[in-house]
Amino acid sequence: MSSIKQNLIECLKQGLKSLDINVAIGIGLERPARKEHGDWSSNIALAAAKPAGVPPRVLAQKLVESMEPICPSVVKEIQIAGPGFINFYLHDSWLYEVMLEAISLGENNFGRSEIGKSISVNVEFVSANPTGPLHAGGGRWAAFGDSLCNLLQFCGYKVHREYYLNDRGKQMQLFAQSLAAKKAGKEVDSNGYQGEYITEWAAEMPDDADPALWGYDRVLKDLRETLAKMGVYFDTWYSENSLIESGAIDQTLEKLSSRGVVYELDGATWLRTTAFDDDKDRVIIRSDGQPTYVLPDIAYHRDKFQRGFDLLIDIWGSDHHGYVTRLKAGVAALGYDPNCLEVILGQLVTLVKNGQPVRLSKRTGDMVALSDVLDAVGPDAARLTFLLQSIDTRLVFDLDVVSSNTMENPVYYIQYAYARVASIAKVAKERGIVQLSPQEVDFSLLVHEREKDLLRALSELPETILLACNERAPYKITNWVRDFAGRFHGFYHDCYVMGEGISPQLTQARLYLVEAVRIGLNIGLKILGVSAPEEM
RNA sequence: GCCCCCGUAGCUCAGACGGACAGAGCAGCUGCCUUCUAAGCAGACGGUCGCAGGUUCAAAUCCUGCCGGGGGCACCA
């Protein structure tokens, strides 16, 4: 199917060659926004007109003439339009081929890509401090990270999901102190953790428990449960503390020293990050002997490389933007290729409740727990809401809208399409309709615009998956699924699969079409991590 | 002062390695349930693509400068 695209590009190349035109420019071939402009369209005549010294439409005309004899047989017609676009119109049969491909490959293989084959990637996401429950905003990283992992897997990458626990340092101490204080019936220190959960957990904590150890376990349990509620599971929960215990931090420091990028100044130890694109050098060991967060971070990423990953992806909130350069510098200072560390920055979530923005701070205690949001709106609505838009835009998560006003939540629109698909299959079965084998079915009966629209959209799924993966943009899958579901609703409304006035042959063809739709929706929903309900 | 993201319809957003009349959802208006679930479908309405220059046959898209919103520039994490 994408082989059609390759074919057409090849045709254009041949055409150019036969006209003795040498173009350095890549050949553009895309899906026109309007279907009147054909199934595929190229602007090559426009782009090559100037270097070739020929007016675009004239060049297009010559190209078409030279291409016509060599074009694949699915091409029905080639037209020149507008300023010089070359538009390819394909026979409907190609749509039926796409449909059969989807059916024969099924939901586990249709749209798969091999671009990530033999590349192992470590994706680190969420990684919120283990000092309390995840807040609602953290759901964005969970949903985004997990879906990105799904996408990478579908494109052949070997994916490892990882959560980094900053289980060392002042915040952990404060957390333990806050728990202990509550337990003892004392007021929590003003810079300690004030949240409601501290009170609850202190009550749960046995009298003889060590607040630091017990608290850590309690937090981990909470994090795991909340993420599981959202369908997010990690392969590794990596402890920062373990880096100290294993000596990895010391080793990293030695390694850096041996590479000559470390120096002492004012009683502190510095890393010469300016040698690797940073604005200024960074302290890695403070004058009081404590490492700053950078050093463990560098040691951690070194460890990831040592574990054999080819690519490291970190997903951070944009508030950590300032650390990207220095971490990359640290990685480069160790001799690793900084391009193998990819940091994706996402804009933070603004949570709105009762029309008012809510601050999300564990310390002050005004936080809204992700777990509660999941209970209120359900994991599907929550995930889809997080995956509705680009990670580059600020997401406003309005609790009232997501939980109450279902019309503003597209999750139902999409899931309803799936439920309708399932319903058709169910009713067909109840009516005793036996599905023939594809060879016995006449797919050329599928001529309704609704049917062809559906198949055109289906044909775009593989390239959409690839694009979404390469751009690290799961929301493009959301957009595709939403659009596809919409087309199905239109089909459902205008094209009955069975019943009065529908010939048995047409029913057979449409049953296959519906099956293909099921596969397409399923693939999209699985990548998004949203369930596909049989009925609603 | 420097760096990153955003500014497109009333609202939330697509479209951004330049292309053919700028798209969707929601809200509001108007139609459609005697055949597979109306959580649906259809129609109308709605836009100086933040502003100003520039490059180009062609700019929402690229360049420059402004304006507005958010976030960063520690011997805090």
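Just the heavy atoms: all of them, side chains too, but no hydrogens, waters or symmetry mates, feed the values below. Keep in mind the model is a prediction, meaning the values are calculated, not measured. Reminder, nothing fancy here: chain letters follow the sequence lines and each chain counts from 1.
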Next on the checklist: Counting Watson-Crick and G-U wobble pairs with both distances under 3.5 Å, what is the dot-bracket string for RNA chain B, 5' to 3', using [ ] for crossing pairs and | for pairs to another strand?
Outcome noted: ((((((((.[[[[.)...(...]]]]..((((.......))))......[[[[[..)....]]]]])))))))....

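Picking from B:C75, B:A20, B:A39 the nucleotide with the shortest atom distance to the side chain of A:Met536 gives B:A39. Of the candidates B:C41, B:A38, B:G71, the closest approach to any side-chain atom of A:Tyr492 belongs to B:A38. Of the candidate nucleotides B:C36, B:A39, B:C13, B:C13 has the atom nearest to the side chain of A:Thr393. Candidate nucleotides B:C21, B:G15, B:G71 were compared by shortest atom distance to the side chain of A:Ser318, and B:G71 ranks first. Across B:G15, B:C6, B:G40, the shortest atom-to-atom separation from the side chain of A:His493 is found for B:G40. Checked against B:G69, B:G71, B:C36, the side chain of A:Arg394 finds its nearest nucleotide in B:G69. Out of B:G72, B:C76, B:A74, the shortest distance to the side chain of A:Arg286 is found at B:C76. The side chain of A:Glu500 sits closest to B:U35 out of B:A42, B:U35, B:C75.
B:A14 atom C1' lies 11 Å from atom CG of A:Asp483, rounded to whole Å. Protein atom CD of A:Gln347 is 13 Å distant from nucleotide atom C1' of B:C3, rounded to whole Å. Put simply, OH on A:Tyr293 is 13 Å from P on B:G72, counting in whole angstrom units. Rounded to an integer number of Å, the gap from CG of A:Asn43 to C1' of B:C17 is 12 Å. The distance from atom NE2 of A:His321 to atom P of B:G72 is 11 Å, rounded to the nearest whole Å. Computed from coordinates, the A:Leu388 CG to B:C26 P distance equals 12 Å when rounded to whole Å. As a whole-Å value, the separation of A:Leu327 CG from B:C3 P is 22 Å. Atom CG in A:Leu384 sits about 20 Å away from atom P in B:A24, given to the nearest Å.
Between A:Tyr412 and B:A39 there is no side-chain polar atom (N or O) within less than 4.0 angstrom of OP1 or OP2. Note on A:Arg420: a side-chain N or O is less than 4.0 Å away from OP1 or OP2 of B:A38. Distances shorter than 4.0 Å separate none of the side-chain N or O atoms of A:Arg431 from OP1 or OP2 on B:U35. Between B:C41 and A:Tyr413, a contact under 4.0 Å exists linking OP1 or OP2 to a side-chain N or O. Contact between the side-chain N/O atoms of A:Arg282 and the OP1/OP2 oxygens of B:C73 is not found at any separation under 4.0 Å. One finds no side-chain N or O of A:Tyr416 lying less than 4.0 angstrom from the OP1 or OP2 phosphate oxygen of B:C41.
Below the 3.5 angstrom threshold, one finds a donor paired with an acceptor across the side chain of A:Asn87 and the base of B:A20. For B:C75, the base has a donor-acceptor partner in the side chain of A:Ser287 [N/O atoms by modelled type, under 3.5 angstrom]. The base of B:A14 lies outside donor-acceptor range of the side chain of A:Ser390, with no N or O pair under 3.5 Å.
Here CZ of A:Arg168 is found 11.0 Å from CG of A:Asn129. Values are rounded to the nearest 0.5 Å. Note that CZ of A:Arg57 is 13.5 Å distant from CG of A:Leu63, once rounded to the nearest 0.5 Å. Between atom CD1 of residue A:Ile78 and atom CD of residue A:Gln61 there is a gap of 10.5 Å, rounded to the nearest 0.5 Å.
The C1' atoms of B:C29 and B:A9 are separated by 16 Å, rounded to the nearest whole Å. Taking atom C1' in both B:A44 and B:G31, the straight-line distance is 10 Å, to the nearest Å. Here the separation of B:A22 from B:A60, taken at their P atoms, is 9 Å to the nearest Å. Taking atom C1' in both B:C51 and B:U8, one finds a spacing of 14 Å when rounded to whole Å. B:G50 sits 23 Å from B:U56 when the C1' atoms are compared, rounded to a whole Å. A distance of about 22 Å separates the C1' atoms of B:C17 and B:C13, rounded to the whole Å. Using atom C1' as the reference point in both B:C6 and B:U12, the two lie 14 Å apart (nearest Å). Nucleotides B:C66 and B:G7 have their C1' atoms positioned 14 Å apart, rounded to a whole Å.
Within a 6.0 Å radius of CG in A:Asn470, more than 12 heavy atoms belonging to other residues, nucleotides or ligands are found.
Applying the 90° criterion around 0 to the glycosidic angle, B:C33 comes out syn.
Residue contacts for A:Glu534: at a heavy-atom cut-off of 4.0 Å it reaches a base atom on one of the strands shown. Among the protein residues, A:Gly322 comes within range of the sugar-phosphate backbone only, with heavy atoms under 4.0 Å from sugar or phosphate atoms but none that close to a base. At the heavy-atom level, A:Glu30 lies nowhere under 4.0 Å from the strands shown. Heavy atoms of A:Glu535 sit under 4.0 angstrom from at least one base atom. A:Arg450 comes within contact range of the sugar-phosphate backbone alone, with a heavy-atom separation under 4.0 Å but no base atom that close. Within the 4.0 angstrom heavy-atom criterion, no nucleotide atom of any strand lies near A:Lys170.
A donor-acceptor contact closer than 3.5 angstrom is absent between the side chains of A:Thr325 and A:Asp278. There is no side-chain donor-acceptor pair under 3.5 Å between A:His493 and A:Arg450. Checking A:Asp222 against A:Tyr197 by side-chain atom types alone, no donor-acceptor pair falls below 3.5 Å. For A:Gln173 and A:Gln171, the side-chain atoms include no donor-acceptor pair closer than 3.5 Å.
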What are the atom names and distances for every N/O pair under 3.5 Å that joins the protein to nucleotides 54-60 of chain B?
from: B:C57; atom 1: OP1; to: A:Lys50; atom 2: NZ; distance (Å): 2.3

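Stacking between A:Tyr496 and the base of B:U35 is present: ring centres sit under 5.5 Å apart and the planes differ by under 30 degrees. A stacking contact links A:His37 to B:A20: the aromatic ring centre lies within less than 5.5 Å of the base's six-membered ring centre, and the planes differ by less than 30°.
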Next on the checklist: With ring pair (Phe, Tyr, Trp, His ring centres under 6.0 Å) as the criterion, how do A:Phe144 and A:Tyr475 come out once you've worked through the C-alpha distance, each side chain's angles and the decisive distance to 0.1 Å?
Outcome noted: CA-CA 9 Å; A:Phe144 176 87; A:Tyr475 78 92; 9.1 Å; no

Checklist entry - Can you check side chain to side chain donor-acceptor pair (under 3.5 Å) on A:Thr393 and A:Gln389, steps first, answer last? => result CA-CA 7 Å; A:Thr393 65; A:Gln389 47 189 267; 2.7 Å; yes

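The aromatic rings of A:Tyr164 and A:Tyr300 sit parallel, their planes meeting at an angle under 30°, below the 60° perpendicular limit. Below 30°, between 30° and 60°, or above 60°: for A:Phe488 and A:Phe491 the angle between ring planes is between 30° and 60°, a tilted geometry.
Residues forming a salt bridge (charged side-chain N to carboxylate O under 4.0 Å, His left out) with A:Arg518 (at least two apart in sequence, or on another chain): A:Glu107, A:Glu515.
With a 6.0 Å cutoff to the six-membered ring centre and a 45° limit on the axis angle, A:Arg140 does not count as a cation-pi contact of A:Phe386.
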